[in-house]
Structure formats: structure tokens, C-alpha cells
Amino acid sequence: GLSELCRWLRDECSLRDGRQDEAGNFAADLAEMAGHHELCAWLRAECSVAHLASYELLGVAEDVSSHELREAYLNLVRRTHPDSQHRRDADPSGGGYDEFSALHEAYRHLTLKGGRGSQRNPR
């Protein structure tokens with residue numbers, strides 16, 4: 001059905017629910033309007049652009065385990081934390097908080113929010 005098609009489009013064609021139609025609707029909105037609530041939830045959880053961006057920022061594939069995700073996050077945090085010696089050697093000005101903060105938000109997005117996207121018609 002529809003969910004298999006959407007999964008195929010995501011996996012094989014790298015399509016994401018990140019563009020609105022002329023009325024401002026995302027694919028998840030259209031699925032919800034048609035009464036396909038499970039598909040709508042899946043599109044928001046698995047096909048959002050934010051979902052993919054969080055994985056890319058952390059440098060891991062989307063199919064990693066929660067343990068591997070945490071390991072990647074901790075390794076990046078150790079290198080990018082504004083107070084780390086590695087960071088001070090690379091950037092003596094004390095910058096780098098933005099990069100650290102972005103990593104933290106990406107990890108929180110995937111672990112606490114389940115990677116759920118916010119693709120909704122703003123109208």
C-alpha cells in the first residue's frame with residue numbers, strides 16, 4: 001500500500017517530506033487529511049528533513065543502533081566542547097559553542113523527540 005511506496009521512495013530515491021505543495025501542505029498533512037493517520041505519523045517520524053539532518057550532523061547512518069548513536073555523539077562532543085583542550089588548541093578564541101550546541105540538539109532530536117519532523121502546514 002501507501003506505506004510501502006513511501007518507504008521505497010525514502011530508501012531507494014532518497015525522497016524526504018520537506019517540500020510543501022502550492023497550498024502549503026506537506027505529504028504528512030495530505031495523508032492526515034485523507035485519514036491515513038498511521039502513514040502521517042510515519043512520514044513525520046521517518047521522512048522529515050530534520051530527521052536526516054540530525055543523523056548527518058552526527059555523522060552516522062540512519063540505521064545505527066542507539067548505542068552506536070550515543071558513541072558517535074560522545075566522540076563528537078569530546079572534540080567540540082568549548083572547554084575541551086582539543087577545542088582550545090584548534091580555536092584559541094574560545095569559539096565553537098554553536099557547533100557543540102548543534103550536535104547536542106541533533107542528539108536530543110533523535111533520542112528524546114524520536115527524530116520526529118515538524119512538517120505541518122503553518123496556515
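Contacts of S65 classified as side-chain hydrogen bond (donor to acceptor under 3.5 Å, both in side chains), with partners at least two apart in sequence or in another chain: E68. Qualifying side-chain hydrogen bond (donor to acceptor under 3.5 Å, both in side chains) partners for D11, counting only residues two or more places apart in sequence or in other chains: none. With sequence neighbours excluded, the residues forming a side-chain contact (heavy atoms from CB on, under 4.5 Å) with L103 are L57, L58, L76, T80, listed by chain and number. Partners of L39 by side-chain contact (heavy atoms from CB on, under 4.5 Å), not counting sequence neighbours, listed by chain and number: L2, S3, C6, A31, H36, W42, L43. Under the side-chain hydrogen bond (donor to acceptor under 3.5 Å, both in side chains) criterion, Y107 pairs with no residue, sequence neighbours left out. With sequence neighbours left out, the side-chain contact (heavy atoms from CB on, under 4.5 Å) criterion links E105 to R108, K113.
Placement of L15 and F26 in two distinct hydrophobic clusters is found when ILVMFWY residues are connected by side-chain heavy-atom separations under 4.5 Å, directly or transitively. Note on V64: it clusters hydrophobically with V77, by side-chain heavy-atom contacts below 4.5 Å among ILVMFWY residues. W8 and L52 fall into different hydrophobic clusters, where Ile, Leu, Val, Met, Phe, Trp and Tyr side chains are chained together by heavy-atom contacts under 4.5 Å.
Among all heavy-atom pairs drawn from H51 and E62, the shortest one is CD2-OE1, 3.2 Å. Contact detail for A28 and C40: the closest heavy-atom pair is O-SG, 3.4 Å. Residues V49 and R16 come closest through the heavy atom pair CG2-CB, 4.0 Å.
Summarising the hydrophobic clusters (Ile, Leu, Val, Met, Phe, Trp, Tyr; side-chain heavy atoms under 4.5 Å, direct or chained), the residues clustered with L112 are none.
Considering CG of D29 and CD of Q20, their distance stands at 8.0 Å, rounded to 0.5 Å. Residue R7 holds its CZ atom at 7.5 Å from CD of E4, rounded to the nearest 0.5 Å. Taking OG1 of T111 as the start and OH of Y73 as the end, the distance is 8.5 Å to the nearest 0.5 Å.
Not a single donor-acceptor pair under 3.5 Å links the side chain of D17 to the backbone N or O of C47.
Ring-plane geometry between F100 and H104 is classed as parallel, the angle between the planes falling under 30 degrees on a 0 to 90 degree scale with a further cut at 60.
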